[in-house]
Undergrad: 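Just passing along the structure, written as structure tokens.
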Amino acid sequence: AGRASPCARLNLNVTRMLHCLGWRRPSSASAVAALTVAVIGTSHAHLRTDDNAVPACSLNGVRNTPTGLCQCDPGWRGSDCGVLSLGPAPLGGVYAYGKPFETTSWGGVALFDNVTGIHHLYVTEIGGKACGLHAWQGQSTVTHATASSELGPFTKVGVAIPHQAHNPQAFLWGGKVYIFHIGSGVSQGDLKACNESLPPSDPKDPPNSCNAQPTTCPLAPAPYLMKKSSCISDSPCNATHCDCGPVLASGEGCETLASCLAAGVASCDADPECHGVTIRGDCQSDAGKKWQTHKGGLDATVANSDWVAYTKPSSLPSARLESLRSPIAPPPSTGSALHVASAFDAPFVPVLPPPPKCNNPTPSVHPNGTLFLACTWTLHSAPRPEGPWVEVGPIKPFNGSATPNGHWEDPFLFFDRRGGWHILSHVYATVPYPVNPVAGHAFSVDGLNWTFSSTQPYTNAVARVDGTTEMFATLERPKLMFNDPADPHRPTALFNGASPVWDSSNHSDPCHQCGYCAHCKVTSCARGNTANLDWTYTLGRPVMAK
């Protein structure tokens, strides 16, 4: 390995380093990226062992010369310093742990306000009544919650970023709070109710929703039209009950939603004052179906339930009729995958123009002051969160080998005290148990040449403070907290999205209902499975200094 350049020894940020190395405003973004590569390469030459060897001790420690053994940094252990020193987890989770499906969350990151002593959690929460993680792609929100302790429990303050916003990566920069996330954070329709429940624990219990498959909402008979805005969803029949005016007639005891609709239409056809019909289908069982006829319009004004609305075209003005024929156009998109707030309790607004397209963005500030953004799997850099951003290069194993243990996703980028690069990742395999990796650790001396370690930093076995051990189908969306003011590069806590599915009575395959363990988090009736297993929560554990 070559020695660090005089510029590297100055510990400058990327912009000043480029000037030091002779940079004079290159003509393209690719030229900037090339110079950035040169900077991060020369800045960390002192970490290399030689040109071909894997860096020692996973870059989480140093090798003792006389013994050849690794001396691990605080927070890490193992012969290669590749395992997190995790302490027992508090009982439950760090946020909204309680009755399944009352709240479903899926990982987040907590920032510490050293002025007030309050910890601020920005966490994925699935919106909609009793929705599990299967709805994450359309109903994820970023919730802001607070606690006096790093491991909570956290209390909800409010919605920081509306749907669709998932996998928040919050960080501080210039006294402001920034959040990178998946999605644009622009609400383009109401959240739909899911009305999920857990499978019965006793065979004598009533059937759950999958034993009575939800029925698709019946199409409107001519000349009626089905409401196509926020007043209705498609299937199952979870919708918003519309304010359809006074109820003229009602009936219940229908065997099917279609028979309910037929009865309501017959009643409405016989009443000149009737402008529409609503039907209710309880998607949790065959019970609860009923119909009502109404005198009035179809304005959605009340909270989620599972009513479906139909109207007579002749009873509405032409403009109102046209609005029912096709979905209401969403508002203009002013969203972004990056939001900023001036303070912890201030509202978040989109940063425009948005950052580069990036799957699961994870930002981190290098010790030299440069902001980097890792995606799945590319690296970008910028002088500040607003940009301009340039692509540095791919994130891949330096020797061209395949990533070990399975498929890697959900990167979390961080730097150690010596300037080494690290990514904590979720790892999974799409084969049945007992193959069930959950985590991976990649590291690099320069951000360009990476080692993807076969050592898992943690497994799916979680020790609790009461002395028990709990097994999880999967632990994903890993995020480390660094809240030790005396040692800002020491990890102090690990947060994960946790899927608590584990059938301990089935020793050969505790995830047998899911196909493979990582799939349990979205196993649900809505996806054609036999049970709702997609309630998840956010788990927190301390990282011990020793």
Side-chain angles (χ1 to χ4, degrees), residues 127-131 135 138-139 187-197 209 212-329 525-526:
K129 180 183 177 183
C131 288
Q139 304 209 157
S187 299
Q188 295 186 347
D190 288 351
L191 294 166
K192 300 175 183 178
C194 302
N195 297 322
E196 290 189 78
S197 61
S209 57
Q213 288 293 331
T215 306
T216 301
C217 301
L219 297 176
Y224 288 80
L225 292 174
M226 184 186 293
K227 175 70 171 172
K228 291 290 187 181
S229 69
S230 61
C231 202
I232 184 170
S233 64
D234 43 16
S235 176
C237 296
N238 301 323
T240 299
H241 188 193
C242 304
D243 181 7
C244 299
V247 175
L248 298 173
S250 62
E252 53 187 290
C254 320
E255 292 186 0
T256 65
L257 294 180
S259 63
C260 266
L261 177 61
V265 165
S267 176
C268 192
D269 285 344
D271 188 341
E273 290 191 304
C274 180
H275 288 181
V277 179
T278 58
I279 61 171
R280 180 182 185 274
D282 188 337
C283 295
Q284 298 301 314
S285 69
D286 287 330
K289 294 179 175 62
K290 60 183 67 175
W291 59 268
Q292 294 177 344
T293 58
H294 299 266
K295 176 184 179 180
L298 290 171
D299 296 319
T301 60
V302 298
N304 282 343
S305 66
D306 42 16
W307 287 81
V308 187
Y310 303 81
T311 187
K312 287 181 180 178
S314 59
S315 68
L316 296 169
S318 57
R320 181 71 172 139
L321 174 61
E322 183 59 32
S323 73
L324 293 171
R325 294 187 186 278
S326 58
I328 294 176
C525 308

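Keep in mind that what you see is a predicted model, and the values were worked out from it rather than measured.
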Undergrad: Which heavy atom of Cys194 sits nearest to which heavy atom of Ala130, and what is that distance?
TA: CB-O, 3.3 Å
Undergrad: Quick check: closest heavy atoms across Cys274 and Thr293, and the distance to 0.1 Å?
TA: SG-CB, 3.7 Å
Undergrad: How far apart are the closest heavy atoms of Gly127 and Leu191, and which atoms are they?
TA: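 Minimum heavy-atom separation between Gly127 and Leu191: CA-CD1, 3.8 Å.
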Undergrad: SG/Cys260 to CD/Gln292 distance, rounded to the nearest 0.5 angstrom?
TA: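 Rounded to the nearest 0.5 Å, the SG-CD separation comes out at 10.5 Å.
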Undergrad: Could you list the residues that satisfy side-chain contact (heavy atoms from CB on, under 4.5 Å) with Ala266, not counting sequence neighbours?
TA: none
Undergrad: Working to the nearest 0.5 angstrom, can you tell me the gap between Trp291 CH2 and Ser259 OG?
TA: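 It is 11.5 Å, given to the nearest 0.5 Å.
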Undergrad: Indicate the atoms forming the closest heavy-atom contact of Glu252 with Lys290, along with that distance.
TA: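 Looking at all heavy atoms of both residues, the closest pair is CB-CB, 3.7 Å.
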Undergrad: How many angstroms lie between CG in Leu248 and CD in Glu273, if you round to the nearest 0.5 Å?
TA: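 One gets 6.5 Å once the value is rounded to the nearest 0.5 Å.
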Undergrad: Applying side-chain hydrogen bond (donor to acceptor under 3.5 Å, both in side chains), name anything that partners Ser250, two or more places apart in sequence or on another chain.
TA: none
Undergrad: For Cys268 versus His275, what's the shortest heavy-atom pair and its separation?
TA: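 Where Cys268 meets His275 most closely, the heavy atoms are SG-N, 4.2 Å.
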Undergrad: Taking the side chain as every heavy atom from C-beta outward, state whether His294 and Val277 have any atom pair closer than 4.5 Å.
TA: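 His294 vs Val277: side chains apart.
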Undergrad: Write down the atom of Val265, the atom of Pro221, and the distance for their closest heavy-atom approach.
TA: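 Heavy atoms of Val265 and Pro221 come nearest at CG2-CG, 3.9 Å.
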Undergrad: Go through the structure and list residues passing side-chain hydrogen bond (donor to acceptor under 3.5 Å, both in side chains) with Asp271, not counting sequence neighbours.
TA: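 Residues passing side-chain hydrogen bond (donor to acceptor under 3.5 Å, both in side chains) with Asp271: none at all.
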